[in-house]
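Read through the structure below, which is laid out as C-alpha cells, and then see the notes.
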Amino acid sequence: MFKLSLRTEVYNKISNSFFEAFGKKPVDFVVEIPPEGFGDYSTNIAMVNAKFLRMAPRQIANELLESLTKIKWFKNVEIAGPGFMNFKLSESVYQELLSKFVDNVEFPKFDEEKVQFEFVSANPTGPLTVGHGRQAIIGDVLARVYKSIGYDVTREYYFNDAGKQMKALGHSLWVRYNALYGRKENFEEDDYKGDYLVNVAQKFSSEYGDAYVGQWDERVQTLFVSYARDKMFDWIKNTLDKIDVNFDVYFSESSLYKTGTTDEAMRILKAGNYVYEKDGTTWFAVSKILPKEEDRVIIRKNGEPTYFFSDIAYMLDKYKRGFKRVYYIWGADHHGYVPRMQAAAKALGIPDGFFNVIMHQFVTLKSGDEVVRMSKRQGEFTTLEDLVERVGKDATRYFFAMLDPNTHLVFDVDLAESKKMENPVYYVQYAHARVVSLLKNAQEKGINWENATLKNLTLPAEIDIMRFMGEFQEVIISTANEYKPQKLCNYAYSLSEKFHSYYNSNKIVDVKNRELSADRISLCIGVKNILRTVLSLLGISSPDSM
RNA sequence: GCGCCCGUAGCUCAAUUGGAUAGAGCAACGGACUUCUAAUCCGUAGGCUGCAGGUUCGAGUCCUGCCGGGCGCGCCA
C-alpha cells in the first residue's frame, strides 16, 4: 500500500533506512527524478548528511545500500558520482500505481481550513482588461486547486460603486448621451473617455429618449450613475462568465460603513494607539510597526475616509468571517501597498500568516510584430472580452495560466488563436482526444481491458510514463504551496509529450496481442484520467474528439 | 534617490526550490502517414544562464556590488 506520490514513498523508505542504519533522523535531503541514465529516482541523502555524521558521503551511501537493497520496492540501488544514490523501482510498484489512476484520480488531502481568494475586484467603471484576465485566471485556478485538496474556498470580488469615480462615470455617460443628440458637453478631467460608453448611451437613449439632454442636476446624476454602474457590472460579470470564472461573493466597499465594521476597525486602531491627528487629517501609524514605512492618511481633511481605511476595515471583516488565511491577488503596481496592509493586520491584532498577497506582473498583447500596450487611462486598451472572443475560453485560460505570475506575460494572440500544433492548448487536448479515440477503436475490436494485469508494461517509455504519473500529487501540492498555476500546464504538457511520443512508436491496439493491448490501453486511460483532471483544474475542456 | 519584480538558445518560456550532461516550443535544416487522428512523431543545429566577486562537495537557483528592463514611492483607486 502506498499513496499516489511515489517520490514521498521513496523518501520515507530511505529515511527509515537511514534511521535503522545510524540511529538518527537524517537532516533534510531530497528525492528527485535524475537525468537520463541514473535510474528512476535519486537522492542526495549521503552528501547532505556527511557533516552531520562526520562520515564520507560514499561511506554513508554504502551503509545505506545494504538495508535498502533488502526492500522489495527497489529493484536496484546504485551509488554514483560524489555520493548520489540511484534507484530503480520494481515493476510491481508501477503496476500498483497505474491501477489506481485507471480507477480514478485521487487528490492529496491537505487541510479543510477556510481560505479566501480575492481577485479582479475591478470597480464597475469600464470593461475588464486583459490584465484583469490574468488575475482572474490565476485566482480561479488556485481556488480550484485549493478546493481539490480539501480547503473550504471562497472566491471574492471586492468593489466600490460609490464616490467620486462613479460620479465621473455617470457624467461621462451623460456626455456621450448628449453627443447622440448633437449636443456637445465637455468631459471633466477624471471622466472616462473610452468610447465604450457610446453603446451604453445609445441603450440609455432607447429606454429614456431625449428627456435629459442638456439637463444636469443631482437627480439626473443619480440616474446616470446607477444606469452606467449596472451596465458596467453586467458587462464585467458577463465577461467573467465567458471564461468560467464565478465568484461566491461580491463584496461592496460601502457595506463596510453600513455594518459598522469601519467603526470597529477605528476603535481597535485607536485602542492600540495607532492613530493620530495631524493637519486636520487622521493618520495610521504604519511606522510604529514597520519603522521604514511612512504613516498613511486614513481620514481626509474633508472628512472622507481613504481607500486604505476601507481596506483595513475590509481585512477586519474577512478575519471576522472566520477565514484562516486570505489571499489578495494584485498586479505589480500594487506592491507598494503590501507593507501598510501588513502593518494594518498587525494593528488589528490579526495573526501572522492571515494576510497573503500573490503578485503578478503585467500583460502585453502581441499580434504579428505589433505589441499592444495597455492604457486604461487614455481609453486605449484591449478588453478581455475581445480577447476571449478571438481566441476562445480554453486558450485564454491556458495562456494566462501557463506563465509564472511573477514574469511579464506577452500574450501571443496569433499563437493562441491558431489551431495548429504549436499551440500548447491543442497539443494537450489532442492527447486526451487521442486516448478517447483509442478506446473507441479497442472497443470496436473487442479488446477487453477490464482485467488487464499490467505486467507487460516494461518498455522504458512505459515506465517513464508511469513514474511521471507518480508525480501528480507533488504537482498539485507545489502548485498550491507556491501559487504557481503554470505547474499544472507544464505537467499536462509533459505528460502529453510522453504520450504522443509513446503512441507514435508503439502500437496500442493490436488484435494479435490482446493481453499487451489491454495493458497499454490501461496506461493510456491513466494518462487520459490525469489529463482530464489537470485540465479541469485549469478550467479547460477535455474534448473527446478534435 | 529609495523599494519590489525580472534578466536563461534568434523569439516565447522550463529547469523537480542547492544536484549529475541547463531543457521544450516557435523560427532554420533534414526525415516519418497503403498501419490506432500528421493538431502527431524522430533527427540536426543553436548557451560564458546580463557582468564581477563570494558562500560549498556542487550555484541558473543563495549573499554582495554593478549593468539593463518593468512597476511603485498621493489626503487616486
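Below, all heavy atoms of this structure are taken into account, side chains as well, without hydrogens, waters or symmetry copies. Residue numbering restarts at 1 for every chain, and letters A, B, ... go by the order of the sequence lines. In this text the structure is predicted, and so the values were computed from the model without any measurement.
The salt bridge (charged side-chain N to carboxylate O under 4.0 Å, His left out) test applied to A/Arg434 returns no partner, not counting sequence neighbours. The salt bridge (charged side-chain N to carboxylate O under 4.0 Å, His left out) search around A/Glu78 returns none, not counting sequence neighbours. Qualifying ring-ring contact (aromatic ring centres under 6.0 Å, His included) partners for A/His171, counting only residues two or more places apart in sequence or in other chains: A/Trp174, A/Trp216. Taking the salt bridge (charged side-chain N to carboxylate O under 4.0 Å, His left out) definition, one finds that A/Arg390 meets it with A/Asp414, A/Glu417, sequence neighbours left out. Qualifying side chain to side chain donor-acceptor pair (under 3.5 Å) partners for A/Trp283, counting only residues two or more places apart in sequence or in other chains: A/Thr281. With sequence neighbours left out, A/Arg520 forms a side chain to side chain donor-acceptor pair (under 3.5 Å) with A/Glu462, A/Tyr502.
Across the protein-nucleic acid pair, A/Glu471 atom CD and B/rU16 atom P stand 12 Å apart, rounded to whole Å.
Taking a centre distance below 5.5 Å and an interplanar angle below 30 degrees as the stacking criterion, A/Phe84 does not stack against the six-membered base ring of B/rG19. Where stacking is scored as ring centres under 5.5 Å apart with planes under 30°, A/Tyr493 does not register as stacked on the base of B/rA24.
You'll find the ring centres of A/Tyr328 and A/Phe119 outside the 6.0 Å limit.
Within the structure, side chain to side chain donor-acceptor pair (under 3.5 Å) pairs that include any residue of residues 337-346 of chain A comprise A/Lys346-A/Asp352 (at least two apart or interchain).
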Task: Strand RNA chain B as a dot-bracket string - pairs counted if Watson-Crick or G-U with both distances under 3.5 Å, | where the partner lies in another strand - done: (((((((..((((.....[...)))).(((((.......))))).....(((((..]....))))))))))))....

- [ ] Scan nucleotides 57-62 of chain B nucleotide by nucleotide, 5' to 3', and note B when protein non-hydrogen atoms come under 4.0 Å of the base, S if they reach only the sugar-phosphate, - if neither.
- [x] S-----

N/O contacts under 3.5 Å, protein versus nucleotides 8-14 of chain B?
{"from": "B/rC13", "atom 1": "OP1", "to": "A/His408", "atom 2": "O", "distance (Å)": "3.0"}
{"from": "B/rA14", "atom 1": "OP1", "to": "A/Asp404", "atom 2": "N", "distance (Å)": "3.2"}

Are there any protein N/O atoms within less than 3.5 Å of an N/O atom in nucleotides 75-77 of chain B, and if so, which ones and at what distance?
{"from": "B/rC75", "atom 1": "O3'", "to": "A/Arg300", "atom 2": "NE", "distance (Å)": "3.1"}
{"from": "B/rC75", "atom 1": "O2", "to": "A/Lys301", "atom 2": "N", "distance (Å)": "2.9"}
{"from": "B/rC76", "atom 1": "OP2", "to": "A/Arg300", "atom 2": "NE", "distance (Å)": "2.2"}
{"from": "B/rC76", "atom 1": "OP2", "to": "A/Arg300", "atom 2": "NH2", "distance (Å)": "3.3"}
{"from": "B/rC76", "atom 1": "O5'", "to": "A/Arg300", "atom 2": "NH2", "distance (Å)": "3.4"}
{"from": "B/rC76", "atom 1": "O3'", "to": "A/Arg300", "atom 2": "NH2", "distance (Å)": "3.4"}
{"from": "B/rA77", "atom 1": "OP1", "to": "A/Arg300", "atom 2": "NH2", "distance (Å)": "2.4"}
{"from": "B/rA77", "atom 1": "OP2", "to": "A/Arg300", "atom 2": "NH2", "distance (Å)": "3.2"}
{"from": "B/rA77", "atom 1": "OP2", "to": "A/Tyr307", "atom 2": "N", "distance (Å)": "3.4"}
{"from": "B/rA77", "atom 1": "O3'", "to": "A/Asn123", "atom 2": "ND2", "distance (Å)": "3.1"}
{"from": "B/rA77", "atom 1": "O3'", "to": "A/Gln165", "atom 2": "NE2", "distance (Å)": "3.4"}
{"from": "B/rA77", "atom 1": "O2'", "to": "A/Asn123", "atom 2": "ND2", "distance (Å)": "2.9"}

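Within residues 515-529 of chain A, no residue has any heavy atom closer than 4.0 Å to RNA chain B.
At a threshold of 4.0 angstrom between heavy atoms, the contacts of A/His500 are confined to the sugar-phosphate backbone, with no base atom among them.
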